[in-house]
Colleague: 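Before I ask anything, let me first share the structure, which is written out below as structure tokens.
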4 protein chains.
Amino acid sequence: MSPLNEEQLQHIRDERKEQIMEAALKIFARRGIIGTKLSMIAAEAGMSQGLLYHYFKSKDELFVILIQQAIQASIDNMKTIYQLPGSPIEKLRTFTRLDNEGQLYFMLIHQARTSDGVPEKAKQLIEQYSLESYVVDILEPLFIEGQEAKEFAPGDPRKLISSYFTVVSALMTLNIHEDEAYEMPEVDLLLRIVTGRP
Amino acid sequence: MSPLNEEQLQHIRDERKEQIMEAALKIFARRGIIGTKLSMIAAEAGMSQGLLYHYFKSKDELFVILIQQAIQASIDNMKTIYQLPGSPIEKLRTFTRLDNEGQLYFMLIHQARTSDGVPEKAKQLIEQYSLESYVVDILEPLFIEGQEAKEFAPGDPRKLISSYFTVVSALMTLNIHEDEAYEMPEVDLLLRIVTGRP
Amino acid sequence: MSPLNEEQLQHIRDERKEQIMEAALKIFARRGIIGTKLSMIAAEAGMSQGLLYHYFKSKDELFVILIQQAIQASIDNMKTIYQLPGSPIEKLRTFTRLDNEGQLYFMLIHQARTSDGVPEKAKQLIEQYSLESYVVDILEPLFIEGQEAKEFAPGDPRKLISSYFTVVSALMTLNIHEDEAYEMPEVDLLLRIVTGRP
Amino acid sequence: MSPLNEEQLQHIRDERKEQIMEAALKIFARRGIIGTKLSMIAAEAGMSQGLLYHYFKSKDELFVILIQQAIQASIDNMKTIYQLPGSPIEKLRTFTRLDNEGQLYFMLIHQARTSDGVPEKAKQLIEQYSLESYVVDILEPLFIEGQEAKEFAPGDPRKLISSYFTVVSALMTLNIHEDEAYEMPEVDLLLRIVTGRP
DNA sequence: AATGAATGAGACTTCATTCAT
DNA sequence: AATGAATGAAGTCTCATTCAT
């Protein structure tokens, strides 16, 4: 009797969920969990507030799921650096250009780290994912290679990585607000931190 | 007639106002105006919520006054760089060490720039105070001197200043949260952006 | 898509708005805007306080809308006097009988005129609507006709009208409280002001 | 040792009480008990809020005491009509001119009758004092005399009195606000109610 | 599945009253 | 007696969440 079979229904459901998560990501990333009202997400997703509750138990749950997704995407993204063309410094230069996709995820994680009203569950997830345990481990081979090629300045590569990515991370959090008060530095200026050369 | 003379009363009032503003600065800086509940400020200041209203007309007014104070302190602070000892690069190195006092002010201004629910008055104040109009103007002579002494890398000094301070600013916003996930870079690493040398 | 069609929803909305406005009119009229607590309106309308805010932006807005309605109704009502049967004095006698509907509106306007905490917008509306500009203008022909027929006492008709309606207005403000301490005069007694005859 | 003896202290206390009551009467009469803030009374009386509580237990108590005083003054005032010169109609004409002193008392009583937040005690006092029991009783001889002299229209004198004073009372409540929208009728117009003559 | 009405807890704010001096 | 700081209860308003349809 049903005009749609189970598979089709599932498809619609998935689509709706995706719709909601995309909308929520956009807004959570910019405004944080407290500054985001469900009405904003509903409007951005083009549906009623009530419907959100068919797909997610609560605002908090939605936030946590996005955090999980963001962490996974960030790790995956980090690994792609090795597939970029060129020498280590060229790989790093290309990678540093702030891409819009990753930016939202990054900002979301930043919000979760620094704002209040973040669900406990999200905090735990964030704690596990840290520069130390992921970024540094992943990028260490690249930096060692760069130092051996004399492209990168000498010194503890792990410290160099975390310092560099702390700077990049910090800039991304500023950049998201597109605040004209801050002039985003050219990538080459940032790379000086790693290379020690103009 | 009064059992407490005017001087004593004034003392109490000043103390209370200071108490409130200190508490409010701490919390506003971390949580933004929306994330900050008056109950938090009252608790931090050790008084009832009602008393806050003897000293400030509203949450918004309190926020705006703190913004004014923060801007003034930031400008004053920036000018002290010329009184520091040593060459331009040494001045800049000493200045860059993030001092806790200025950090809260800085973070507050950052919150005002990037969060929602910021009073219109605060936005206007912030707009007037920008890297361009203050920081860059103040520091231009220092950077030109540094470039002439070959301590600093060549290129447009104004752009160099705003890039460098965007980075420093961004790091301050991270640092305020004392998040262990981010390793704060050594000052010398940051200075590479300006000097182009390891 | 919607489980309730637009028409049904509109019906619910209209009903609720009507419910609220009726309840609010009753209470505002008696207690003024300061003396009226939203909890009272909500209780009288049989709904939660929160729901009031789905239909009206604020207590002030609700008050202003009621004032607008009251003014319009008063003007409309005043004009109906010419459709009443009989001579001028008979028209006026019939018209003077205080009807319950108009009474609440009248009292609301009176509250807006005399109480504190009245929204600026409401004050402006009230100022435009005054005995002079409406009541007197509308009734002047009737009184002149009454004087020509020797039914009404001689003298400046405009002054007679405003005097008479000041008295009627004043009585309405008392009457609204149904206070047994005051005995409402018979209409014929009041008409003596106009006719100068027992 | 005390620089002031008991009598002098008592004198100061009485003066202060009088000061407060005068200020309170002014404000209560205009704004009602809800619309009156203690800060207003304190300011009007030229003293601190705290001091009010040395003389009166609460806002309510102060209100009740004023009501008692107002009732007594009204009754006393009513009796003076017989000392006025002239015929009954002339006595009534003179008496009707709204005197400022009595007006405040009257308005206070009106507020107590018609507003909310009135202490139970005040309501009880008001209930005892009514047109019926005081005004009508006091004025009945005057009206009978007026009717016998054919100055007043015939009919039940008690009803005539209460009707007339309801009108006068109602006008006083309007008059207190000095609202230009209402033109206060000439006394002679009002007297038509009683005399039935222009 | 989908909507939007409806609720209620919690936030900001006011103000009568109390307290320390 | 006198002051003004200090408190807390209550009122307006917002918004996450639930409910009826």
Side-chain angles (χ1 to χ4, degrees), chain A residues 4 9 12-13 16 33-34 36-42 47-60 62 117, chain B residues 1-6 8-10 12-13 15-16 34-42 46-60 62 117, chain C residues 1-6 8-10 12-13 15-16 34-42 46-62 117, chain D residues 2 4 9 12-13 16 33-34 36-42 47-60 62 117:
Chain A
L4 290 177
L9 279 175
I12 290 180
R13 274 201 292 275
R16 278 268 184 268
I33 189 162
I34 295 184
T36 297
K37 306 183 194 336
L38 277 198
S39 58
M40 296 172 181
I41 298 178
M47 66 182 65
S48 71
Q49 282 189 54
L51 191 50
L52 297 181
Y53 283 84
H54 276 254
Y55 293 99
F56 300 93
K57 265 211 294 283
S58 69
K59 187 182 176 182
D60 278 11
L62 177 52
Chain B
M1 289 290 187
S2 176
L4 285 178
N5 64 36
E6 188 49 42
Q8 290 170 310
L9 281 175
Q10 193 57 47
I12 289 180
R13 277 198 292 269
E15 213 169 48
R16 285 278 175 278
I34 295 183
T36 297
K37 312 299 170 203
L38 282 192
S39 57
M40 297 172 182
I41 298 178
M47 63 183 66
S48 70
Q49 285 189 51
L51 190 51
L52 297 180
Y53 286 85
H54 274 250
Y55 294 99
F56 298 94
K57 269 210 290 286
S58 69
K59 186 181 175 184
D60 277 12
L62 177 53
Chain C
M1 286 291 188
S2 178
L4 286 178
N5 64 37
E6 189 48 42
Q8 290 170 307
L9 281 174
Q10 193 57 47
I12 290 180
R13 278 198 292 268
E15 214 169 48
R16 285 279 175 278
I34 295 183
T36 298
K37 312 298 170 204
L38 281 191
S39 57
M40 297 172 183
I41 299 179
M47 63 183 66
S48 70
Q49 285 189 49
L51 190 51
L52 297 180
Y53 286 86
H54 275 250
Y55 293 98
F56 299 93
K57 269 210 289 286
S58 67
K59 186 182 173 183
D60 277 13
E61 192 201 69
L62 177 52
Chain D
S2 176
L4 292 177
L9 280 174
I12 290 181
R13 273 202 292 275
R16 278 267 184 270
I33 189 161
I34 295 184
T36 297
K37 305 183 196 333
L38 278 198
S39 58
M40 297 171 180
I41 298 178
M47 65 182 64
S48 71
Q49 281 188 54
L51 191 50
L52 296 181
Y53 282 84
H54 276 254
Y55 294 98
F56 299 94
K57 265 211 294 282
S58 69
K59 187 182 176 183
D60 278 11
L62 176 53

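Lettering follows sequence order; numbering is per chain, from 1. As a basis for the values below, the full set of heavy atoms in this structure was taken, side chains included, without hydrogen atoms, waters or symmetry mates.
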Colleague: Calculate the interatomic distance between C/K59 atom NZ and F/dC13 atom P; express it in whole Å.
Modeller: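 It is 7 Å, rounded to the nearest whole Å.
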Colleague: Output yes when a side-chain donor or acceptor of C/E61 lies under 3.5 Å from a complementary backbone atom of C/K57, and no otherwise.
Modeller: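 Such a contact is found between C/E61 side chain and C/K57 backbone.
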Colleague: Provide, to the nearest angstrom, the distance between the CZ atom belonging to A/F56 and the P atom belonging to F/dT18.
Modeller: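 Rounded to whole Å, this separation is 16 Å.
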Colleague: Measure the shortest side-chain to side-chain distance between A/L52 and A/L38 over non-hydrogen atoms and say whether it is less than 4.5 angstrom.
Modeller: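 A/L52 vs A/L38: side chains touch.
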Colleague: Across all strands shown, which nucleotide pairs with F/dA20 by Watson-Crick or G-U wobble geometry, both distances under 3.5 Å?
Modeller: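 By the stated definition (distances under 3.5 Å), E/dT3 pairs with F/dA20.
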Colleague: Which base sits across from F/dA10 as a Watson-Crick or G-U pair, both distances under 3.5 Å?
Modeller: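 Base-paired to E/dT13.
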Colleague: Return the value, rounded to whole Å, for the distance between atom CZ of C/R16 and atom P of F/dA20.
Modeller: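 Going from C/R16 (CZ) to F/dA20 (P), I get 13 Å.
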Colleague: By the 4.0 Å heavy-atom rule, please label B/Y55 as base, sugar-phosphate, or nothing.
Modeller: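 Sugar-phosphate contact only - B/Y55 comes under 4.0 Å of backbone atoms but never of a base.
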Colleague: For DNA chain E, whose closest nucleotide is more 5', that of B/S58 or that of D/I34?
Modeller: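 Its nearest nucleotide being more 5', the pick is B/S58.
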Colleague: Take atom CG of B/N5 and atom P of F/dG4, then tell me their distance rounded to the nearest Å.
Modeller: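 Going from CG in B/N5 over to P in F/dG4 covers 12 Å.
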Colleague: Could you state the atom-to-atom distance from CG of A/D60 to P of F/dT17 in whole Å?
Modeller: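 For the pair A/D60 CG and F/dT17 P, the rounded distance is 7 Å.
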Colleague: Grab the CD1-P distance between B/I41 and E/dC12 for me, whole Å please.
Modeller: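 B/I41 atom CD1 is separated from E/dC12 atom P by 8 Å.
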Colleague: Tell me which residues in residues 46-54 of chain C lie within less than 4.0 Å of DNA chain F, going by non-hydrogen atoms.
Modeller: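 Nucleic-acid contacts, sorted: C/Q49, C/Y53.
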Colleague: Looking only at side-chain N and O atoms, does C/R13 come under 4.0 Å of OP1 or OP2 in E/dA5?
Modeller: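 The answer is yes; a side-chain N or O of C/R13 sits under 4.0 Å from OP1 or OP2.
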Colleague: Respond yes when some side-chain nitrogen or oxygen of B/K37 is under 4.0 Å from OP1 or OP2 of E/dA11, and no when none is.
Modeller: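 Negative; the distance criterion is not met.
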Colleague: Hey, which of these two, C/I12 or B/L38, hits DNA chain E nearer its 5' end, going by closest nucleotide?
Modeller: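 It is C/I12, whose closest nucleotide lies nearer the 5' terminus.
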